[in-house]
Number of protein chains: 2
Amino acid sequence: MNDHVHVDPAALTKNQALVFSALSDANGPLTAYAILDELRGDGFKAPLQVYRALEKLIEGGLVHRLESLNAFVACRHPTGCSHQWAAFAICESCGDVKEFSPDKAMDLLKDWAENDGFKLAKTTVELRGQCPACLAT
Amino acid sequence: MNDHVHVDPAALTKNQALVFSALSDANGPLTAYAILDELRGDGFKAPLQVYRALEKLIEGGLVHRLESLNAFVACRHPTGCSHQWAAFAICESCGDVKEFSPDKAMDLLKDWAENDGFKLAKTTVELRGQCPACLAT
DNA sequence: ATGGACATGTTATAGTATTACATCACTGAT
DNA sequence: ATCAGTGATGTAATACTATAACATGTCCAT
Ligand SMILES: [Zn+2]
Ligand SMILES: [Zn+2]
Ligand SMILES: [Zn+2]
Ligand SMILES: [Zn+2]
(Lines give C-alpha, C1' and ligand atoms only; values in the text may rest on other atoms or scores of the structure.)
(Ligands and ions follow the chains in the order given, each with its own letter.)
Protein backbone atom coordinates (compact mmCIF):
# COMPACT_ATOMS: atom_id res chain seq x y z
CA MET A 1 0.00 0.00 0.00
CA ASN A 2 2.82 2.34 0.86
CA ASP A 3 5.05 1.97 -2.15
CA HIS A 4 6.71 5.33 -1.71
CA VAL A 5 9.86 4.90 0.32
CA HIS A 6 11.16 7.74 2.38
CA VAL A 7 14.64 8.59 1.26
CA ASP A 8 17.43 9.18 3.70
CA PRO A 9 17.98 12.93 3.38
CA ALA A 10 21.70 12.28 3.75
CA ALA A 11 21.55 10.42 0.46
CA LEU A 12 20.37 13.41 -1.50
CA THR A 13 22.53 14.86 -4.21
CA LYS A 14 23.77 18.41 -3.88
CA ASN A 15 20.99 19.94 -5.94
CA GLN A 16 18.32 17.84 -4.32
CA ALA A 17 19.57 18.85 -0.88
CA LEU A 18 19.54 22.52 -1.82
CA VAL A 19 16.00 22.36 -3.14
CA PHE A 20 14.79 20.38 -0.14
CA SER A 21 16.45 22.84 2.18
CA ALA A 22 14.82 25.80 0.44
CA LEU A 23 11.42 24.13 0.81
CA SER A 24 12.04 23.16 4.42
CA ASP A 25 13.09 26.67 5.35
CA ALA A 26 10.02 28.19 3.73
CA ASN A 27 6.97 28.39 5.93
CA GLY A 28 4.72 27.47 3.05
CA PRO A 29 4.63 26.24 -0.52
CA LEU A 30 7.02 27.62 -3.12
CA THR A 31 6.77 27.61 -6.89
CA ALA A 32 9.60 26.12 -8.88
CA TYR A 33 10.70 29.57 -9.96
CA ALA A 34 10.61 30.89 -6.42
CA ILE A 35 12.92 28.04 -5.48
CA LEU A 36 15.16 28.92 -8.39
CA ASP A 37 15.42 32.49 -7.17
CA GLU A 38 16.22 31.28 -3.65
CA LEU A 39 19.06 29.20 -5.01
CA ARG A 40 20.68 31.55 -7.49
CA GLY A 41 23.24 32.34 -4.83
CA ASP A 42 24.08 28.66 -4.74
CA GLY A 43 24.77 28.51 -8.43
CA PHE A 44 21.35 27.61 -9.75
CA LYS A 45 20.73 29.15 -13.15
CA ALA A 46 17.97 27.23 -14.91
CA PRO A 47 14.50 25.96 -14.01
CA LEU A 48 15.45 22.47 -15.03
CA GLN A 49 17.82 22.21 -12.11
CA VAL A 50 14.87 22.78 -9.82
CA TYR A 51 12.43 20.56 -11.65
CA ARG A 52 14.85 17.66 -11.79
CA ALA A 53 15.50 17.85 -8.07
CA LEU A 54 11.79 18.17 -7.32
CA GLU A 55 11.04 15.08 -9.35
CA LYS A 56 13.38 12.99 -7.23
CA LEU A 57 12.24 14.53 -3.97
CA ILE A 58 8.62 13.79 -4.82
CA GLU A 59 9.50 10.23 -5.79
CA GLY A 60 11.24 9.87 -2.46
CA GLY A 61 8.29 11.19 -0.52
CA LEU A 62 10.06 14.24 0.86
CA VAL A 63 8.10 16.79 -1.12
CA HIS A 64 4.53 17.14 -2.32
CA ARG A 65 3.25 18.94 -5.35
CA LEU A 66 0.14 21.05 -4.83
CA GLU A 67 -1.72 20.78 -8.10
CA SER A 68 -4.10 23.62 -7.50
CA LEU A 69 -1.22 26.03 -6.77
CA ASN A 70 1.45 24.78 -9.16
CA ALA A 71 3.67 24.81 -6.11
CA PHE A 72 5.67 22.47 -3.92
CA VAL A 73 5.89 21.91 -0.21
CA ALA A 74 8.19 19.90 2.05
CA CYS A 75 6.47 17.00 3.75
CA ARG A 76 6.13 17.58 7.47
CA HIS A 77 5.12 14.04 8.22
CA PRO A 78 7.28 11.55 10.05
CA THR A 79 9.07 9.02 7.94
CA GLY A 80 6.80 6.33 6.62
CA CYS A 81 3.58 8.20 5.93
CA SER A 82 1.69 7.28 2.81
CA HIS A 83 2.40 10.12 0.52
CA GLN A 84 0.17 9.26 -2.33
CA TRP A 85 -2.76 9.51 0.09
CA ALA A 86 -1.95 12.84 1.70
CA ALA A 87 -4.40 15.72 1.68
CA PHE A 88 -3.97 19.46 2.05
CA ALA A 89 -6.01 22.33 3.38
CA ILE A 90 -5.03 25.52 1.61
CA CYS A 91 -6.01 28.91 3.01
CA GLU A 92 -7.01 31.26 0.23
CA SER A 93 -6.43 34.28 2.44
CA CYS A 94 -2.93 33.74 3.84
CA GLY A 95 -1.61 30.90 1.69
CA ASP A 96 -1.04 28.64 4.66
CA VAL A 97 -1.07 24.94 3.83
CA LYS A 98 -1.77 22.18 6.29
CA GLU A 99 -1.08 18.57 5.43
CA PHE A 100 -3.28 15.86 6.88
CA SER A 101 -4.13 12.22 6.35
CA PRO A 102 -7.85 11.62 5.96
CA ASP A 103 -7.51 7.85 6.08
CA LYS A 104 -11.22 7.14 6.29
CA ALA A 105 -12.05 9.37 3.35
CA MET A 106 -9.21 7.85 1.36
CA ASP A 107 -10.51 4.38 2.14
CA LEU A 108 -13.87 5.36 0.72
CA LEU A 109 -12.21 6.69 -2.42
CA LYS A 110 -10.25 3.46 -2.72
CA ASP A 111 -13.52 1.55 -2.33
CA TRP A 112 -15.09 3.60 -5.07
CA ALA A 113 -12.14 2.87 -7.35
CA GLU A 114 -12.25 -0.84 -6.60
CA ASN A 115 -15.96 -1.06 -7.27
CA ASP A 116 -15.49 0.79 -10.53
CA GLY A 117 -12.59 -1.39 -11.64
CA PHE A 118 -10.28 1.62 -11.59
CA LYS A 119 -6.71 0.85 -10.57
CA LEU A 120 -5.86 3.72 -8.26
CA ALA A 121 -2.26 4.93 -8.25
CA LYS A 122 -2.52 8.16 -6.32
CA THR A 123 -4.96 10.82 -5.28
CA THR A 124 -4.98 14.59 -5.27
CA VAL A 125 -7.05 15.97 -2.40
CA GLU A 126 -6.82 19.70 -1.85
CA LEU A 127 -9.28 21.64 0.29
CA ARG A 128 -9.68 25.33 -0.37
CA GLY A 129 -11.07 27.81 2.10
CA GLN A 130 -9.99 29.85 5.08
CA CYS A 131 -7.83 28.76 7.96
CA PRO A 132 -8.78 29.30 11.62
CA ALA A 133 -6.28 32.12 12.03
CA CYS A 134 -7.72 34.11 9.14
CA LEU A 135 -11.27 33.50 10.31
CA ALA A 136 -10.38 34.86 13.74
CA THR A 137 -9.30 38.26 12.45
CA MET B 1 -24.68 23.61 0.89
CA ASN B 2 -25.17 23.84 -2.86
CA ASP B 3 -24.34 27.46 -3.48
CA HIS B 4 -23.43 26.93 -7.11
CA VAL B 5 -26.47 27.51 -9.24
CA HIS B 6 -26.77 25.78 -12.55
CA VAL B 7 -27.10 28.34 -15.26
CA ASP B 8 -29.66 28.07 -17.96
CA PRO B 9 -27.54 27.25 -21.01
CA ALA B 10 -29.85 29.45 -23.05
CA ALA B 11 -28.62 32.40 -20.99
CA LEU B 12 -25.02 31.95 -22.06
CA THR B 13 -23.34 34.62 -24.09
CA LYS B 14 -22.10 33.82 -27.55
CA ASN B 15 -18.54 33.09 -26.46
CA GLN B 16 -19.63 31.11 -23.44
CA ALA B 17 -21.94 29.02 -25.61
CA LEU B 18 -19.15 28.33 -28.08
CA VAL B 19 -16.73 27.22 -25.37
CA PHE B 20 -19.36 25.11 -23.68
CA SER B 21 -20.24 23.52 -26.98
CA ALA B 22 -16.61 22.70 -27.72
CA LEU B 23 -16.26 21.04 -24.33
CA SER B 24 -19.54 19.18 -24.66
CA ASP B 25 -18.61 17.84 -28.09
CA ALA B 26 -15.25 16.62 -26.87
CA ASN B 27 -15.20 13.17 -25.35
CA GLY B 28 -12.77 14.25 -22.68
CA PRO B 29 -11.03 17.21 -21.13
CA LEU B 30 -9.60 19.99 -23.25
CA THR B 31 -6.96 22.56 -22.43
CA ALA B 32 -7.77 26.22 -22.88
CA TYR B 33 -5.51 26.39 -25.92
CA ALA B 34 -7.12 23.30 -27.44
CA ILE B 35 -10.46 25.03 -27.06
CA LEU B 36 -9.02 28.13 -28.67
CA ASP B 37 -7.88 26.10 -31.67
CA GLU B 38 -11.33 24.50 -31.92
CA LEU B 39 -12.93 27.90 -32.05
CA ARG B 40 -10.64 29.80 -34.41
CA GLY B 41 -13.15 29.10 -37.16
CA ASP B 42 -15.74 30.89 -35.05
CA GLY B 43 -13.63 34.00 -34.74
CA PHE B 44 -11.70 33.25 -31.57
CA LYS B 45 -8.25 34.77 -31.68
CA ALA B 46 -6.89 35.09 -28.15
CA PRO B 47 -6.65 32.85 -25.09
CA LEU B 48 -8.43 35.41 -23.01
CA GLN B 49 -11.62 34.82 -24.90
CA VAL B 50 -11.48 31.21 -23.76
CA TYR B 51 -10.42 31.90 -20.19
CA ARG B 52 -13.12 34.49 -19.69
CA ALA B 53 -15.81 32.14 -20.92
CA LEU B 54 -14.44 29.29 -18.81
CA GLU B 55 -14.54 31.44 -15.70
CA LYS B 56 -18.24 32.08 -16.13
CA LEU B 57 -19.01 28.49 -17.06
CA ILE B 58 -17.22 27.22 -13.97
CA GLU B 59 -19.02 29.75 -11.80
CA GLY B 60 -22.28 28.54 -13.27
CA GLY B 61 -21.48 24.90 -12.61
CA LEU B 62 -21.44 23.83 -16.25
CA VAL B 63 -17.72 23.15 -16.46
CA HIS B 64 -15.08 21.75 -14.14
CA ARG B 65 -11.41 22.54 -14.05
CA LEU B 66 -9.11 19.57 -13.60
CA GLU B 67 -6.20 20.93 -11.61
CA SER B 68 -3.85 18.05 -12.21
CA LEU B 69 -4.28 18.33 -15.97
CA ASN B 70 -4.63 22.08 -16.44
CA ALA B 71 -7.68 21.18 -18.46
CA PHE B 72 -11.43 21.65 -18.48
CA VAL B 73 -14.36 19.32 -18.88
CA ALA B 74 -18.09 19.79 -19.34
CA CYS B 75 -20.13 18.60 -16.40
CA ARG B 76 -22.14 15.51 -17.28
CA HIS B 77 -24.25 15.66 -14.17
CA PRO B 78 -27.91 16.52 -14.12
CA THR B 79 -28.80 20.02 -13.08
CA GLY B 80 -28.42 20.64 -9.40
CA CYS B 81 -25.40 18.57 -8.48
CA SER B 82 -22.97 20.03 -6.01
CA HIS B 83 -20.09 21.06 -8.15
CA GLN B 84 -17.69 22.11 -5.52
CA TRP B 85 -17.83 18.53 -4.20
CA ALA B 86 -17.32 16.63 -7.42
CA ALA B 87 -14.50 14.15 -7.86
CA PHE B 88 -12.76 12.78 -10.93
CA ALA B 89 -11.03 9.56 -11.88
CA ILE B 90 -8.44 10.24 -14.54
CA CYS B 91 -6.94 7.42 -16.57
CA GLU B 92 -3.25 7.98 -17.11
CA SER B 93 -3.25 5.61 -20.07
CA CYS B 94 -6.09 6.84 -22.24
CA GLY B 95 -6.90 10.20 -20.68
CA ASP B 96 -10.48 9.24 -19.97
CA VAL B 97 -12.08 11.18 -17.14
CA LYS B 98 -15.02 10.00 -15.10
CA GLU B 99 -16.87 12.36 -12.79
CA PHE B 100 -18.41 11.01 -9.63
CA SER B 101 -19.80 12.21 -6.32
CA PRO B 102 -18.19 10.55 -3.34
CA ASP B 103 -20.62 12.02 -0.86
CA LYS B 104 -19.47 9.94 2.10
CA ALA B 105 -15.82 10.78 1.55
CA MET B 106 -16.69 14.43 1.10
CA ASP B 107 -18.65 14.38 4.34
CA LEU B 108 -15.56 13.09 6.12
CA LEU B 109 -13.45 15.84 4.59
CA LYS B 110 -16.06 18.38 5.67
CA ASP B 111 -15.93 16.91 9.15
CA TRP B 112 -12.17 17.21 9.23
CA ALA B 113 -12.44 20.85 8.17
CA GLU B 114 -15.06 21.61 10.77
CA ASN B 115 -13.04 20.02 13.56
CA ASP B 116 -10.00 21.96 12.48
CA GLY B 117 -11.87 25.26 12.29
CA PHE B 118 -11.19 25.48 8.57
CA LYS B 119 -13.95 27.12 6.55
CA LEU B 120 -14.20 24.89 3.52
CA ALA B 121 -15.14 26.54 0.24
CA LYS B 122 -14.42 23.81 -2.26
CA THR B 123 -12.46 20.64 -2.74
CA THR B 124 -10.24 19.25 -5.46
CA VAL B 125 -10.40 15.48 -5.56
CA GLU B 126 -8.70 13.83 -8.50
CA LEU B 127 -7.89 10.13 -8.65
CA ARG B 128 -5.08 9.02 -10.94
CA GLY B 129 -4.65 5.51 -12.23
CA GLN B 130 -5.95 3.24 -14.96
CA CYS B 131 -9.50 2.82 -16.11
CA PRO B 132 -11.20 -0.56 -16.50
CA ALA B 133 -10.97 -0.45 -20.29
CA CYS B 134 -7.23 0.07 -20.27
CA LEU B 135 -6.72 -2.63 -17.64
CA ALA B 136 -8.62 -5.09 -19.83
CA THR B 137 -6.27 -4.81 -22.78
C1' DA C 1 40.94 2.33 -18.62
C1' DT C 2 36.62 1.51 -20.05
C1' DG C 3 31.72 1.41 -20.13
C1' DG C 4 27.41 2.30 -17.99
C1' DA C 5 24.30 4.71 -15.01
C1' DC C 6 23.03 8.76 -13.24
C1' DA C 7 23.51 13.67 -11.94
C1' DT C 8 24.42 18.14 -13.89
C1' DG C 9 24.91 22.41 -16.98
C1' DT C 10 23.05 25.23 -20.59
C1' DT C 11 20.18 26.94 -24.23
C1' DA C 12 16.13 27.04 -26.39
C1' DT C 13 11.38 26.26 -26.67
C1' DA C 14 6.68 24.81 -25.47
C1' DG C 15 2.61 25.34 -22.82
C1' DT C 16 -0.48 27.89 -19.50
C1' DA C 17 -2.52 32.14 -17.70
C1' DT C 18 -3.03 37.16 -16.77
C1' DT C 19 -2.55 42.38 -17.28
C1' DA C 20 -3.78 46.41 -19.56
C1' DC C 21 -6.40 49.09 -22.32
C1' DA C 22 -9.81 50.01 -25.92
C1' DT C 23 -14.41 49.14 -27.65
C1' DC C 24 -19.09 47.59 -27.86
C1' DA C 25 -23.94 46.37 -26.33
C1' DC C 26 -27.47 46.75 -23.21
C1' DT C 27 -30.17 48.86 -19.55
C1' DG C 28 -32.10 52.24 -16.61
C1' DA C 29 -32.44 57.01 -15.14
C1' DT C 30 -32.58 61.73 -16.36
C1' DA D 1 -32.97 61.29 -26.87
C1' DT D 2 -29.10 61.53 -23.90
C1' DC D 3 -26.27 59.86 -20.54
C1' DA D 4 -24.06 56.83 -17.12
C1' DG D 5 -23.27 52.27 -15.46
C1' DT D 6 -22.51 47.54 -16.08
C1' DG D 7 -20.88 43.65 -18.22
C1' DA D 8 -19.14 41.34 -22.48
C1' DT D 9 -15.73 41.51 -26.05
C1' DG D 10 -11.39 42.45 -28.92
C1' DT D 11 -6.49 42.78 -29.14
C1' DA D 12 -1.73 43.02 -27.91
C1' DA D 13 1.66 42.28 -24.83
C1' DT D 14 3.53 39.98 -21.07
C1' DA D 15 4.15 36.81 -17.14
C1' DC D 16 4.35 32.35 -15.34
C1' DT D 17 5.08 27.22 -15.57
C1' DA D 18 7.33 23.20 -17.59
C1' DT D 19 9.97 20.36 -20.89
C1' DA D 20 13.11 19.08 -24.98
C1' DA D 21 17.56 18.52 -26.64
C1' DC D 22 22.20 18.00 -26.24
C1' DA D 23 26.72 18.38 -23.96
C1' DT D 24 29.47 17.39 -19.88
C1' DG D 25 30.87 15.49 -15.57
C1' DT D 26 31.18 11.90 -11.75
C1' DC D 27 31.18 7.63 -9.75
C1' DC D 28 31.53 2.82 -9.62
C1' DA D 29 32.04 -2.02 -11.39
C1' DT D 30 34.16 -4.63 -14.64
ZN1 LIG E 1 3.63 14.20 3.47
ZN1 LIG F 1 -5.21 31.82 6.52
ZN1 LIG G 1 -20.25 18.11 -12.42
ZN1 LIG H 1 -7.94 4.27 -19.82
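These figures come from a predicted structure and were not determined experimentally. Chain A is the first sequence line, chain B the second, and so forth, proteins listed ahead of strands; every chain is numbered from 1.
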pi-stack flag for Y33(A) and dT17(D), centroid dist under 5.5 Å, interplanar under 30°: yes
Out of dA18(D), dT9(D), dT18(C), whichever nucleotide has its closest atom nearest the side chain of Q16(B): dT9(D)
Euclidean distance, atom CG of residue L36(B) to atom C1' of dT18(C) [Å, nearest integer]: 15 Å
S68(B) and E126(B) side chains, donor-acceptor separation under 3.5 Å: yes
Whole angstrom value for the distance that separates P of dA17(C) from CD of E67(A): 12 Å
Closest nucleotide among dA18(D), dT8(C), dA17(C) to the F72(A) side chain: dA18(D)
Protein-nucleotide distance (L12(B), atom CG; dA8(D), atom P), rounded to Å: 11 Å
Below 4.0 Å: OP1/OP2 of dA17(C) and any side-chain N or O of R65(B): yes
d(CD, E55(B); P, dA17(C)) in whole Å: 13 Å
Closest to the K14(A) side chain, choosing from dA18(D), dT9(D), dT8(C): dT8(C)
Selection from dA18(D), dT18(C), dT8(C) that lies nearest to any side-chain heavy atom of L48(B): dT18(C)
Distance, rounded to the nearest Å, where E59(B) contributes CD and dG7(D) contributes C1': 12 Å
Phosphate OP1/OP2 of dC16(D): any N70(A) side-chain N/O under 4.0 Å: no
Residue whose nearest DNA chain D nucleotide is more 5′ - R52(A) or A32(A): A32(A)
Of the listed nucleotides dA17(C), dT11(C), dA18(D), the one nearest the side chain of A46(A): dT11(C)
Interatomic spacing from CD1 in I35(B) to OH in Y51(B) - rounded to 0.5 Å: 9.0 Å
Minimum-distance nucleotide (side-chain atoms of T13(B) versus dT17(D), dT11(D), dT9(D)): dT9(D)
Sidechain N-carboxylate O distance under 4.0 Å for D37(B), R40(B): yes
Candidate nucleotides dT8(C), dA17(C), dT11(D), ranked by approach to the side chain of N15(A) - the nearest: dT8(C)
Q49(B) CD - dA13(D) C1' separation (whole Å): 15 Å
Distance in angstrom units between F44(A) CZ and dG9(C) C1', rounded: 11 Å
Between dC16(D) (P) and L69(A) (CG): distance, integer Å: 16 Å
Minimum-distance pair of heavy atoms, taken over all atoms of L36(A) and P47(A): CD2-N, 3.9 Å
Expected output: side-chain T123(B) to main-chain Q84(B) donor-acceptor under 3.5 Å: yes
